[in-house]
Amino acid sequence: MWSHLKQKSIILPSITSEEINKQVDPVLRKMEKNGIKIDVTVFGNLANKLESRLVELEKNIYQLSGEEFNINSPSQLADVLFRKLKLSVNGMKKTKTGISTAASELLKIFDSHPVIANILEYRELNKLVCTYLKPLPLLVDENSRLHTTYGQDTTTGRITSNEPNLQNIPIKGELGKKIRKAFVASPGTKLISADYSQIELRVVACLAEDKSMIEAFKNNEDVHTKTAAEIFHIQPEKVTPDHRRIAKSVNFGIVYGQSAYGLSQALKIDQSDAAKYISNYFDTHKGIKEYVNQMIKKAHEVGFVETLFGYKRYLPNINSHMRSISDSEERMAINTPVQGTAAEILKLAMIELDKKLVIMETDNPENCPRMLLTVHDELVVEAPLDQADKVAKLIKETMESVIKLCVPIVAEVGIGSNWSEAK
DNA sequence: CCCTTCACG
DNA sequence: ACGTACGTGAAGGGT
């Protein structure tokens, strides 16, 4: 399927997805063993602070709703909000059990009752306390290091992390920042974080041979600003942050097979506007349009799609007569080659980087850089203070050159004494 | 054991 | 008329 690319503009190592997985496995085992240090005291202090706020919020919620109930129970919460206080409005998402109490739905009734703001804050803080701040310190070793287990058993080729999951550590907002600051470099070292910039969009630009997107990446333009200019029919200089935000959603939504309805919900805009933006997008991105059609056609004909390195994802229900089933697998057909190829690129980089680090380790086993985390498009490495700058360059160089796409691959690298600083 | 919710990319 | 954005893992509730 991708043979036309291989001759044209892409230079890829002659290795199969299967071989990539086999070679990255020992690297993952080493990373598990290395672990990452956390500041247990910071975790504890933050947990205590949030817990006292949670007590306040709990009181507020009981008072405002006129009864005590289990806020953590969606069914009890729905009963209070929708049956007792009658706060539901048209267009709220329903679950199997009733009206959804998910944050996106509660926002629709935010202004109708003061209890909602309290519930949303309670949810946010409770999540951080119960999923991260309390459990993680219980899992550290004698050196305050957390050791995850990496898995490769996924439908797209991505790596998973469990017990504990170190791939979903909070990052958004002040609290996210505080938590990431508590992931620290051990004494005498720095953390280096290296992120692929827009890797999935670069991949789809090349898989789809989309002229507009390729040009944007080749010229190092802001791809979302360019998209905004295209879908709003305005000059790039006239693009506002709001335009850009919508364009960014369109760019990502396309890779997921998002509909006008989905885009309108996500952005809280009119569905007809959303439809217009998507239609304008496909007018200016014929390559993407063709790619989407090709993947859907292929999946229907042969029952699978594949990544650049040949991983096949089978879609056994793509020809189902149940529209929702076949629609769902069509979206997988669009997304999997993109997400999967991006995953393969990061795994290749890890294999190459490991080889280089092993050489440094042989030179000085006591004082050498170590790979710690892999988070889909990011690597976190710990390096001795005096080597940090050099290692950062090595990581960037390795990540950017592991494969030659039709557009430049860019990795952004940062150095710090904690995970937040390094990003 | 399934459901809902929500953290990340 | 239908359903509606991909991929994960963890926690708590309820049966």
Side-chain angles (χ1 to χ4, degrees), chain A residues 69-79 91 93-106 119-120 122-136 139 148-173 175-176 179-180 195-196 198-201 204 249-267 271 274-275 278 292 295 305 313 315 321-340 342-343 346 373-379 419:
Chain A
F69 63 100
N70 188 344
I71 304 164
N72 295 317
S73 161
S75 78
Q76 291 183 39
L77 181 62
D79 196 56
K93 202 166 55 182
K94 291 182 179 62
T95 66
K96 289 175 182 178
T97 42
I99 300 170
S100 168
T101 67
S104 60
E105 306 313 300
L106 296 187
I119 290 166
L120 290 171
Y122 178 94
R123 278 255 179 85
E124 183 192 349
L125 301 192
N126 196 245
K127 176 79 178 178
L128 299 182
V129 170
C130 294
T131 309
Y132 306 99
L133 295 174
K134 303 277 272 187
L136 291 185
L139 298 173
T148 184
T149 303
Y150 289 111
Q152 296 213 67
D153 186 25
T154 61
T155 55
T156 59
R158 273 192 174 183
I159 288 160
T160 59
S161 163
N162 64 69
E163 287 183 291
N165 184 353
L166 297 182
Q167 291 179 329
N168 70 346
I169 301 301
I171 190 172
K172 292 170 188 160
L175 288 170
I179 293 173
R180 290 220 170 190
D195 272 80
Y196 274 127
Q198 319 264 39
I199 187 66
E200 290 198 356
L201 284 183
V204 76
S249 273
V250 172
N251 270 326
F252 287 116
I254 293 299
V255 181
Y256 298 140
Q258 190 176 40
S259 65
Y261 170 85
L263 185 68
S264 71
Q265 287 286 301
L267 292 175
Q271 190 171 332
I278 291 174
V292 167
M295 289 308 108
V305 292
R313 179 173 186 178
L315 299 166
H321 295 295
M322 308 239 342
R323 265 290 288 282
S324 58
I325 306 273
S326 58
D327 280 359
S328 160
E329 297 211 348
E330 286 185 353
R331 293 193 294 271
M332 296 172 194
I334 298 166
N335 179 262
T336 298
V338 180
Q339 191 181 119
L346 184 66
L373 302 179
T374 171
V375 195
H376 311 309
D377 62 1
E378 175 188 12
L379 292 179
W419 197 359

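Lettering of chains follows the sequences in order, A, B, ..., and the numbering in each one begins at 1.
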Completion exercise
Applying the 3.5 Å cut-off to both distances, the Watson-Crick or G-U partner of C:dC2 turns out to be none

Handout entry: Phosphate contact (C:dT4 OP1 or OP2) by A:Ser324 side-chain N/O below 4.0 Å
Key = no

Exercise for the section: Would you confirm whether A:Gln76, through its side chain, and A:Ile71, through its main-chain N or O, come within 3.5 Å as a donor-acceptor pair? Expected result: no

Exercise for the section: Grab the two heavy atoms, one from A:Thr336 and one from A:Thr155, that are nearest each other, plus how far apart they are. Expected result: CG2-O, 4.2 Å

Practice task
Would you classify A:Thr154 as touching base, sugar-phosphate or nothing, given that sugar-phosphate means primed atoms plus P, OP1 and OP2, and contacts are heavy atoms under 4.0 Å?
Solution key: sugar-phosphate

Exercise for the section: Could you tell me whether A:Ser328 contacts a base, only the sugar-phosphate backbone, or nothing, with contacts defined as non-hydrogen atoms closer than 4.0 Å? Expected result: nothing

Fill in the blank from the handout: To the nearest angstrom, the CZ-P distance between A:Arg331 and C:dG7 comes to 9 Å

Practice task
Assign A:Ala266 to base, sugar-phosphate, or nothing according to its heavy-atom contacts below 4.0 angstrom with the strands shown.
Solution key: base

Handout entry: C:dG7 phosphate, OP1 or OP2, under 4.0 Å from A:Arg313 side-chain N/O
Key = yes

Exercise for the section: May I ask you to evaluate whether A:Thr131 reaches the phosphate of B:dA7, defined as a side-chain N or O under 4.0 Å from OP1 or OP2? Expected result: no

Handout entry: Distance test, side-chain N/O of A:Ser161 to OP1/OP2 of C:dG9, below 4.0 Å
Key = no

Exercise for the section: Show your reasoning for whether side-chain contact (heavy atoms from CB on, under 4.5 Å) applies to A:Trp419 and A:Ile179. Expected result: CA-CA 9 Å; A:Trp419 197 359; A:Ile179 293 173; over 6 Å; no

Exercise for the section: Return yes if some donor-acceptor pair links the side-chain N/O of A:Arg158 with the main-chain N/O of A:His376 below 3.5 Å, else return no. Expected result: no

Exercise for the section: With heavy atoms under 4.0 Å as the rule, sort A:Asn165 into base, sugar-phosphate or nothing. Expected result: sugar-phosphate

Exercise for the section: Describe the nucleic acid contact of A:Glu378 in one word from base, sugar-phosphate, nothing, applying a heavy-atom distance below 4.0 Å. Expected result: nothing

Problem - Check: A:Lys127 side chain, B:dC6 base, donor-acceptor under 3.5 Å - result: yes

Practice task
Return the value, rounded to whole Å, for the distance between atom CD of A:Glu330 and atom C1' of C:dG3.
Solution key: 13 Å

Practice task
Answer yes if the side chains of A:Thr156 and A:Gln339 hold a donor-acceptor pair under 3.5 Å, and no otherwise.
Solution key: yes

Handout entry: Contact under 4.0 Å: A:Ser100 side-chain N or O vs B:dT4 OP1/OP2
Key = no

Problem - Presence of A:Thr97 side-chain N/O under 4.0 Å of B:dT4 phosphate oxygens OP1/OP2 - result: yes

Practice task
Give a yes or no answer on whether the side chain of A:Asn335 reaches the backbone of A:Tyr256 with a donor-acceptor pair at less than 3.5 Å.
Solution key: no

Handout entry: Base B:dC8 paired with A:Gln167 side chain (donor-acceptor, <3.5 Å)
Key = no

Practice task
Using atom CG of A:Asn168 as one end and atom C1' of B:dA7 as the other, report the distance to the nearest whole Å.
Solution key: 5 Å

Problem - Backbone of A:Pro170 reached by a side-chain donor or acceptor of A:Arg180 within 3.5 Å - result: yes

Exercise for the section: Give A:Glu200 one of three labels, base, sugar-phosphate or nothing, depending on what nucleic acid heavy atoms sit under 4.0 Å from its own. Expected result: nothing

Practice task
Under 4.0 Å between any heavy atoms, over every strand shown, what does A:Asp327 touch: base, sugar-phosphate, or nothing? Just pick one.
Solution key: nothing

Exercise for the section: Could you check whether A:Ile334 gets within reach of a base, just the sugar-phosphate, or nothing at all, counting any heavy atom under 4.0 Å? Expected result: nothing

Exercise for the section: Could you give the distance separating B:dC8 and C:dA5 at their C1' atoms, to the nearest angstrom? Expected result: 16 Å

Practice task
Find the distance A:His376:NE2 to B:dG9:C1' and express it as a whole number of Å.
Solution key: 5 Å

Exercise for the section: For A:Tyr150 and B:dC8, give me the distance from atom OH to atom P, rounded to whole Å. Expected result: 17 Å

Practice task
Let me know the distance between CD1 of A:Ile71 and C1' of C:dA11, rounded to the nearest Å.
Solution key: 16 Å

Fill in the blank from the handout: Rounded to whole Å, the OH-P distance (A:Tyr196 to B:dC8) equals 23 Å

Exercise for the section: Give a yes/no on whether any side-chain N or O of A:Arg123 is located under 4.0 angstrom from OP1 or OP2 of B:dC6. Expected result: yes

Handout entry: Under-4.0 Å side-chain N/O to phosphate OP1/OP2 contact, A:Ser73 with C:dG14
Key = yes

Exercise for the section: Using a 4.0 Å heavy-atom cut-off across all strands, classify A:Thr336 as base, sugar-phosphate, or nothing. Expected result: nothing

Exercise for the section: Take A:Gly257 and A:Asp153, find for each the nucleotide of DNA chain C with the closest heavy atom, and name the residue whose nucleotide sits nearer the 5' end. Expected result: A:Gly257

Completion exercise
The nucleotide from B:dA7, B:dC3, C:dC6 with an atom nearest the side chain of A:Lys96 is B:dC3

Exercise for the section: Round to the nearest Å and state the distance from A:Asn126 atom CG to B:dT5 atom P. Expected result: 15 Å

Problem - Euclidean distance for P, C:dG3 against B:dT4 (whole angstrom) - result: 15 Å

